[in-house]
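Just below is one structure, and these are the notes that go with it.
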Number of protein chains: 2
Amino acid sequence: MSDVNGAMADDASGLTSTVVFRLGTLGTVVTDRFTREIEGLGLKPKHVGLMAALSLAAVASQQELAARMGVAPSLMVSLADYLEGLGAVQRVRDPRDRRRQVLTLTEEGQGLLDRCTSIARTLDEEVVAGLTEEQRTALDEALRVMANRTGLP
Amino acid sequence: MSDVNGAMADDASGLTSTVVFRLGTLGTVVTDRFTREIEGLGLKPKHVGLMAALSLAAVASQQELAARMGVAPSLMVSLADYLEGLGAVQRVRDPRDRRRQVLTLTEEGQGLLDRCTSIARTLDEEVVAGLTEEQRTALDEALRVMANRTGLP
DNA sequence: AAGAAATCATTCACAATCAGAATGATTCAC
DNA sequence: GTGAATCATTCTGATTGTGAATGATTTCTT
């Protein structure tokens, strides 16, 4: 059983008590679960990440998107290729700067993204079950703060 | 600026507002950061995960450890090989059952793990900066509950 | 206005990371 | 005691991602 003071019996000061370790572990577990769920849609997490980025940014060059997602430009090309093949994304040369390839989310892409969102919401219920309402809002707020804080120098 | 009611301006009900997505994203960012930090020790996250498991379990067979970490037995062999090469881990045939290879953390391994713990603590300070004391304990509690809850069926 | 340097997308080759099948040793069930 | 099961190991292969080389276009410098 866990101690209310925040110390674990076994490992009072070990690695497994750090936020970094626990956040990392939980993140991978949850992501793996999500990965399995979206498999049926023919999507991988990075595809979904790209669509999510597009749904926020409306339009953006591949370079910008690569930087935002923290991946190499060459990978962005593959991701865009694949999503374009699905009809989820549209690639258009920017007339202002014809080097740039501008991506936009299509209707179909938005539909796919919506289904991913729905899957994520269902998973949310599982993950967050066992948390009180206050804990949920606290978690929500904490995630927001930490997300802003990361892009860590 | 973010709304106190918990709704974001852009993406009131989108994927990026789900716990799953944000937890996954934050987890990978933090893990990537940690990965870079332990590079100097010649370690990868899975090596650290294995050592952490050993420090909790004292002794365990490779099969058990593989199951606990959610990796294939063949990968466990590689990880153990590597850590044994560093002198961080000791491999001993279980005399009770000579099929089993029992792993234990050496003094040297404990030393390495301690350095990883110290690195994680330093990162913790960065990650958690900007959270109030109440938010930190709330996060701590939420992570504990969710971690118990995961191993999700 | 011309040439040099930078930027973007793309392709290709390659490294890293895992999982899965095949193999051999040992133990367990009956 | 024999056959099935379990464990560790090796090897092959799929997947995922980076980085270097290339070509097209733009921007900077003079």
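Residue numbering restarts at 1 for every chain, and letters A, B, ... go by the order of the sequence lines.
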Any ion pair linking B:E141 and B:R144 (charged N to carboxylate O, less than 4.0 Å)? yes
Whether the side chain of A:T18 engages the backbone of B:R121 through a donor-acceptor N/O pair (distance < 3.5 Å, no angle test) should be reported. no
Counting the atoms with a prime plus P, OP1 and OP2 as sugar-phosphate, which does A:S61 contact under 4.0 Å by heavy atoms, base, sugar-phosphate, or nothing? sugar-phosphate
Reading DNA chain D in the 5' to 3' direction, which nucleotide is the first one with an atom under 4.0 Å from a heavy atom of chain B, and which is the last? D:dA5 to D:dT10
Euclidean distance, atom CZ of residue B:R93 to atom P of C:dT26 [Å, nearest integer]: 8 Å
Mind calculating the distance between CG (A:L65) and C1' (C:dT7) to the nearest angstrom? 16 Å
Send over the distance from A:Y82 OH to C:dT11 P, rounded to a whole Å. 18 Å
Pair A:E37 + A:R33: basic N to acidic O under 4.0 Å: yes
Ignoring hydrogens and geometry, is there a side-chain-to-backbone donor-acceptor pair from B:T104 to B:V59 under 3.5 Å? no
With no hydrogens and no angle check, is any side-chain donor or acceptor of A:D94 less than 3.5 Å from a backbone partner on A:V102? no
Between C1' of C:dT17 and NZ of A:K44, the distance in whole Å: 14 Å
Atom NE2 of B:H47 and atom P of C:dA16: how far apart are they, to the nearest Å? 12 Å
Please check this pair: side chain of B:S61 against backbone of B:R100, looking for a donor-acceptor N/O pair closer than 3.5 Å. no
Under 3.5 Å, is there a donor-acceptor pair between the A:R91 and A:Q62 side chains? yes
Between C:dT11 (P) and A:L75 (CG): distance, integer Å: 14 Å
Taking the nucleotide of DNA chain D with the closest heavy atom to each, which residue, A:G70 or B:D97, is nearer the 5' end? B:D97
Is a side-chain donor or acceptor of B:S118 paired with a backbone partner of B:D114 at a separation under 3.5 angstrom? no
Nearest whole Å is fine: how far is C:dA19 P from B:Q63 CD? 13 Å
For A:T35, enumerate each residue passing the side chain to side chain contact (heavy atoms under 4.5 Å, CB included) test, keeping only those at least two apart in sequence or located in another chain. A:T31, A:P45
Hey, which of these two, A:A72 or A:D94, hits DNA chain D nearer its 5' end, going by closest nucleotide? A:A72
Figure out the CG/P separation between A:L79 and C:dT10, and round it to whole Å. 12 Å
Difference in axis direction between the ends of the helix from C:dA1-D:dT30 to C:dC30-D:dG1, five pairs, 10°: 30°
